[in-house]
Number of protein chains: 2
Amino acid sequence: MLSNRQLLILQVIIDEFIQTAQPIGSRAISKKQEVTYSPATIRNEMADLEEMGYIEKTHSSSGRVPSEKGYRFYVDHLLLPFHLSSADKKIISNVFNEDLVEFEHVVQNSAKVLSDLTNYTSIILGPKVFETTLKQLQIIHLSSNTAVAILVTNTGHVEHRSFTIPAEIRASDLEKLINILNEKLSDVPIIQLQERLQKELASILDKYVSDVDTAIQYLKGALFEQQPANLYIGGITNIMLQPEFNDITKVHSLYSVMEKEDVIANVLRSYQDGIHVAIGQENKVHEMQECSLITATYSLAGEQVGTVALLGPKRMEYSRVISLLNLLSTQMTNTFHRWI
Amino acid sequence: MLSNRQLLILQVIIDEFIQTAQPIGSRAISKKQEVTYSPATIRNEMADLEEMGYIEKTHSSSGRVPSEKGYRFYVDHLLLPFHLSSADKKIISNVFNEDLVEFEHVVQNSAKVLSDLTNYTSIILGPKVFETTLKQLQIIHLSSNTAVAILVTNTGHVEHRSFTIPAEIRASDLEKLINILNEKLSDVPIIQLQERLQKELASILDKYVSDVDTAIQYLKGALFEQQPANLYIGGITNIMLQPEFNDITKVHSLYSVMEKEDVIANVLRSYQDGIHVAIGQENKVHEMQECSLITATYSLAGEQVGTVALLGPKRMEYSRVISLLNLLSTQMTNTFHRWI
DNA sequence: AATTAGCACTCGTTAGATAAGAGTGCTAAC
DNA sequence: GTTAGCACTCTTATCTAACGAGTGCTAATT
């Protein structure tokens, strides 16, 4: 469909625009080493490329700018394998060489490193606690009527909730309840906990514990209400360095949506296995339609548990970013695998 | 020093500027109900106020704008007691009527409510874990050589760290260690934990546990390294709504410093008991010198444990904000007191 | 037949000029 | 002591002209 010359010109336009954020003119293209044609020839090809929708003008006599279709084609067909510098590789692997190993910790550091390396904004969706299994459940009394419930998973993740113990539940009953639960529910996937609590265990517990319904109700309330989204955002200010975001209203609308952790978490969750690139309007969240979002998933025991993403202008360094995400998600998967 | 008329005019200028963000002219002041003088008279007084440094011109024939000295005088001498609307009061007290009581939870909600009510950015420094006491210490094994250490305080705060257990420590020793620690260290202030661990307990533990040094070393590493700052920021995008921040570079520099949690935490910690107002250059952090920061502290058992703050333009609604902070910090203190 | 040089044309950007308007300082009158 | 009046200053908005980067088209060249 596209001639080799058109491919070359499209590639040059996008590469150049990614660097400069300025419309590219025929003269500038002609001057590039790999291009051997005169500006006039290039103008003809550019007119064709524009007709096909791969590039656009900002006004009638301006140079050309990639369209979203252009970026899409570039990402799908023109991406050259990018060789990460050994410095970059080292910085990333350093994240995984720390001694105190913990999901949250690794994830947070990864977010920071990723945003520092790219000057984009990194978003990491932490492991879904639901897909891990229960290691231990504990209730620790703070005073006569308050306590904190702690849930530890096999991945070292800790969830906790404080709650007030209603007068009608006896402390000894709560103790018994927890003992039984630990015995019965150890290594059960978190996602099944609620169901198991209700269905299988109610009858058993009934024998030992009085007023089991209320107790379970409170336990559920304590443990499952308001699961936090587990989202880490790094380098959020980087977006303001991009020339396409020197308009405060654009930054404001983007930042407002970034504050809504549940919205962002849902966006990331909607991308499964592998690397995904959403360019501009391809993003469903309206406020992100001036941006590109690149996501990669990481896994634990073969099960995909989280997402690493980078948010930047449509004019992103796709090649480098994809390589970085690839490396990082692989390393995360490897590291977490070792822990089980 | 200042005549009543000058006080009145200064008050009107600042009140008006806080609302409009526009320089105030003599004509506008004269039109105010409470002012009975002609523009010419007011111009004379304004010239005097300017000479004394309370107000400034933006250019030679502009209206006047409060100087930082003016704001300082306003805050110190002209602040009228502000009557919060009952709606505001209700919104705040609702934060404390939730059932699931927990420091983090209350603090986070407070930050959100505060920024929503004011349209400024709220910053809350969570309770210093050091000033609370240990309730329980736990080690939960994840696998043969990894575990998570959990520390619960009397305030329902939970700290946790994952760590790898070195080969030279026996699991049974770790168990014994924890048992002894729980027995001996219950209700000890967290801040003293490290010291007590090292000095008083080493000898006792020595009898029961082999290679106690290594074990303690690892425990300390797991518990005390990298204490997170415990900082909650709400409504960070609100700053962009202020006309003085429609320059992207200003927003960027401010946001960059807001990302450095340790810097912000130190700033807040530097203000003790009561309400403090830092206006513009009075802020030590350079990036905040276009802003005003108002802080209030809250206490637990008579001990000040955290700080609530609002960051906005110098042109802040000081009166309302101070009332809100007062109410909120009092409520926090009361609520937390009840929990002990 | 493909490529390129040449040229008229378009449009955004910048600089300067002008006018309007808001506000001041000062003087003289009240 | 207060105020009306007026000349003056400075900002802002609008307009115009010149400039330049880049295009599209045509005709010449390879």
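Hydrogens, waters and symmetry mates play no part in the numbers below; they use all other heavy atoms, side chains included.
- Within the 4.0 angstrom heavy-atom criterion, base atoms lie near Thr41(B).
- Distances shown here put every side-chain N or O of Arg27(B) at or beyond 4.0 Å from the OP1 or OP2 atom of dG21(C).
- If you take CZ of Arg64(A) and P of dA21(D), they are 18 Å apart, rounded to a whole angstrom.
- A residue-by-residue look at Pro39(A) and Gly63(B) shows that Pro39(A) has its nearest nucleotide of DNA chain C further toward the 5' end.
- For Ile29(A) and dT4(C), the CD1 to P distance is 14 Å, given to the nearest whole Å.
- Going from atom CG of Asn119(A) over to atom OG1 of Thr237(A) covers 9.0 Å, rounded to the nearest 0.5 Å.
- To the nearest angstrom, P of dA2(C) lies 17 Å from CD1 of Ile42(A).
- Where His59(B) and Ala40(B) each meet DNA chain D at their nearest nucleotide, the meeting point lying more 5' is that of Ala40(B).
- Within the 4.5 Å cutoff, side-chain heavy atoms of Phe17(B) are placed close to those of Tyr71(B).
- The side chain of Arg43(A) contributes no N or O atom lying less than 4.0 Å from OP1 or OP2 of dC25(D).
- Taking only side-chain nitrogens and oxygens, Arg5(A) comes nearer than 4.0 Å to OP1 or OP2 of dT3(C).
- In this structure, Ile9(B) places its CD1 atom 16 Å from P of dG23(C), rounding to the nearest Å.
- Taking atom CD1 on Ile24(A) and atom C1' on dG22(D), their separation rounds to 12 Å, with Å as the unit.
- Separating the CG atom in Leu293(B) from the CE atom in Met316(B) is a distance of 7.5 Å, to the nearest 0.5 Å.
- As a whole-Å value, the separation of Asn44(A) CG from dT23(D) C1' is 11 Å.
- Contact check, Ser26(B) against dT24(C): a side-chain N or O comes under 4.0 Å of OP1 or OP2.
- Phosphate proximity of dG22(D) to Ser61(A): absent, as no side-chain N or O sits under 4.0 Å from OP1 or OP2.
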Q.
Under the criterion salt bridge (charged side-chain N to carboxylate O under 4.0 Å, His left out), I'd like the reasoning laid out for Glu16(B) against Lys32(B): C-alpha separation, chi angles, the key distance, then a yes or no.
A. CA-CA 10 Å; Glu16(B) 201 68 10; Lys32(B) 286 241 106 184; 3.3 Å; yes
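- Of the candidate nucleotides dT4(C), dT23(D), dG25(C), dT23(D) has the atom nearest to the side chain of Met46(A).
- The shortest distance between the side-chain N/O atoms of Lys57(A) and the OP1/OP2 oxygens of dA21(D) is not below 4.0 Å.
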Q | Working for side chain to side chain contact (heavy atoms under 4.5 Å, CB included), residues Asp15(B) and Tyr74(B) | A | CA-CA 9 Å; Asp15(B) 281 340; Tyr74(B) 177 84; 2.6 Å; yes
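- Between Glu16(A) atom CD and dG22(D) atom P there is a gap of 12 Å when expressed in whole angstrom units.
- Nucleotide dG25(C) holds its P atom 10 Å from the CG atom of Asp48(B), rounded to whole Å.
- Within the structure, every side-chain polar atom (N or O) of Ser62(B) is placed at least 4.0 Å from both OP1 and OP2 of dC10(D).
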